[in-house]
Number of protein chains: 2
Amino acid sequence: MDLRQLRYFCAVVREGHFGRAAASLGIAQPPLSRQIQSLERRLGVELLHRTQKKFEVTQAGLLLYERARRLLDGADQAVDDVRRLGSGETGRLTVGFAPSNAFTLLPPIVARFRSAYPDVELELRQLTTSILVTSLESGSLDVALLRPPLSSRSLQIVTLIREPFLALVPSTHRLAARSDMQLRQFAGEPFVMYSRVGLPLLHARVMDMCRRAHFSPHIVQYAEQIHTVAGFVAAGIGVAVAPSTVTRFNMPGLRVLQIAENPAPLAMAMAWRTGTATGLVRNFTRIAREATSAWQAAQRAESA
Amino acid sequence: MDLRQLRYFCAVVREGHFGRAAASLGIAQPPLSRQIQSLERRLGVELLHRTQKKFEVTQAGLLLYERARRLLDGADQAVDDVRRLGSGETGRLTVGFAPSNAFTLLPPIVARFRSAYPDVELELRQLTTSILVTSLESGSLDVALLRPPLSSRSLQIVTLIREPFLALVPSTHRLAARSDMQLRQFAGEPFVMYSRVGLPLLHARVMDMCRRAHFSPHIVQYAEQIHTVAGFVAAGIGVAVAPSTVTRFNMPGLRVLQIAENPAPLAMAMAWRTGTATGLVRNFTRIAREATSAWQAAQRAESA
DNA sequence: ATTGTCGATACCCGAAAGGTATTGAAGGCC
DNA sequence: GGCCTTCAATACCTTTCGGGTATCGACAAT
């Protein structure tokens, strides 16, 4: 069976006239006549009963017309659906994210993606970074938001955002009037530190910074969340180091200083399996980049 | 959309291997590769993700595979159904018949047709000859069993059976010992005649025969059915003229004689609209001819 | 390192689809 | 009733496209 011939035949039946049908198909009349004849020969059935100059559709022709229309519609529908699935306008996308994103980058990204691709089923899973990586590699996740560094040859990584680390002191602190400081000036100071289990990456990064500055922080308080750390500092319990997100909190009693050593910023990245050229992932990563830019712009506008 | 490409694509997915798929399709591998590429280009979607030497079917490819299989099955089914309808193996056939057939030719024809074409919906309508003709012409009947003559340019007529007319006399009649007679010997004889309203054609035919033999029959009795006429003659009520079917009755007291004038036999014919080349009608007329021959053979065997 | 396997590419050929010009037949118009 | 129009079919040509053979390039197994 050839769909072209079915399309031609349907046009002839619909128009009731070879000339008009040919015009509507954008071809000349003779080839149309020939295609219909060929179709009849192949089926071995008279579809149009030619009765001097005019023709009438036979019973078999009518049956074929019905079936052909359904087939053509089905084919169009199939093409459309496959195109949409291929281009990532539809389908199912499983996104993993580290807990640190749950209240920051994830919401704007998801919101933007949902409005851009309402027909995509988006499944979100909050997981730890190590599980995110293995899930990506095994294919149970399509894309993930996590903190670098991560070493996997099979994954593609794009950094979305880099937050410089800042020093936090109470406004009553001796450094409160300055705009920057050296990290080693925190040696011996009462230090508010991130929980090793709740925020392992921040804990490790800050501990590492202190080590590089040749001191071990005098920890007086642990906290489970970044804004809790900021709160403790504002309350005068001690000093701390935090990613620049803290400037959003605008807490009274809190002073924020640049760190002269300029430690490597805290990055947030997006990862997916290399070779996953599926439109869904392509679209998601694009949207994520857009949403991140927009979110950063909004942040800047807010703090200004 | 091109069904050929869908068929090729399904083969590749099914076999999981271009070479084997090509073999199963009866083509070489290179054109198959090209057709798949062309399909992907047309859809703008990666259906098979080529990963060094091997490939895996993408989500879009899987969706297309499902849809394509349904489309191909649908197309095959449509072709089959149209072929069957066109060849008259299926469909609906409306057959009209004159009352005189109801108990003679019609049953064997219908029985034979039903067993040969069990999927054809057969609609039977008993009508008068004039209504049969107009119904055929208007298209509300596909084919009819009726008595000639009938004059219609648009109808095709085939005579199925010709029954010679015979003379009937009681076994006590002066002619009973003879094997033939001249119709005018019935002049003045008490005559059993067919009802003008119940059997108009037989009435007309016999009256005409008498007129041609230059006498007007002395009618003493009318009858509504052929076998009633035979019964009346057997009972000694009078003489009669009847089609040769009467020999089937084998009535005691009834003698059957050839008519020397050899009047035109009583024919039964089959008619359909010229140009109705539909397989249904073709098949029905063929079956009708076959059934008639078989029926006649059976008749001869019975009377012998 | 070598060979075999698999899909892709290059190039050629024949079939088939589309176009133009024309025919033949039927229907409409005066 | 003759003439013109209309419509599908036919004849013939051109171009496109599907299929075939030979070969490549890359990976895998030995």
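Letters go in sequence order (proteins before strands), and every chain restarts at 1.
OP1 or OP2 of C:dA8 sits under 4.0 Å from a side-chain N or O of B:Arg50. At the phosphate of C:dA8, OP1 or OP2 sits under 4.0 Å from a side-chain N or O atom of B:Ser33. Contact between the side-chain N/O atoms of A:His17 and the OP1/OP2 oxygens of D:dT6 is not found at any separation under 4.0 Å.
Atom-to-atom, NE2 of A:His49 to P of D:dA8 comes out at 15 Å; the value is rounded to the nearest Å. Between B:Leu32 atom CG and C:dC6 atom P the separation is 14 Å, expressed in whole Å. Here the P atom of nucleotide C:dG27 and the NZ atom of A:Lys54 are 10 Å apart, to the nearest Å. We find that CG of B:Asp2 is positioned 13 Å from C1' of C:dA17, with the value rounded to whole Å. As a whole-Å value, the separation of A:Ile27 CD1 from D:dA9 P is 13 Å. Note: CG (B:Leu25) to P (C:dG7) measures 13 Å, nearest angstrom. B:Gln5 places its CD atom 11 Å from the P atom of D:dC17, with the value rounded to the nearest Å. Rounded to whole Å, atom C1' of D:dA8 lies 16 Å from atom CZ of A:Phe9.
B:Ser293 places a side-chain N or O within 3.5 Å of a backbone atom of B:Arg289 that can act as its donor or acceptor partner. Judged purely by atom type and a 3.5 angstrom limit, B:Thr129 has no side-chain atom pairing as donor or acceptor with the backbone of B:Leu146. Here the side chain of A:Asp119 pairs no donor or acceptor atom with the backbone of A:Thr90 at under 3.5 angstrom.
With ring centers used as reference points, B:Tyr117 lies 6.0 Å or more from B:Phe284.
Position along DNA chain D of the nearest nucleotide to B:Tyr8 versus A:Arg20 favours A:Arg20 as the more 5'-ward residue.
Among the nucleotides C:dG18, D:dG20, D:dT10, the one closest to the side chain of A:Gln37 is D:dT10. For A:Pro30, the listed nucleotide lying nearest its side chain is C:dT20; candidates were D:dA8, C:dT20, C:dT9. Here the nucleotide nearest the side chain of B:Arg42, chosen from D:dG20, D:dG18, D:dA11, is D:dG18. Here D:dG19 is the nucleotide among D:dG19, D:dA8, D:dG20 with the atom lying nearest to any side-chain atom of B:Arg4.
Among the atoms of the strands shown, base atoms are found under 4.0 Å from some heavy atom of A:Gln29.
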Check your understanding: Is there a side chain to side chain donor-acceptor pair (under 3.5 Å) between B:Gln77 and B:Asp81 once you walk through the steps?
Key -> CA-CA 6 Å; B:Gln77 189 65 48; B:Asp81 290 351; 3.1 Å; yes

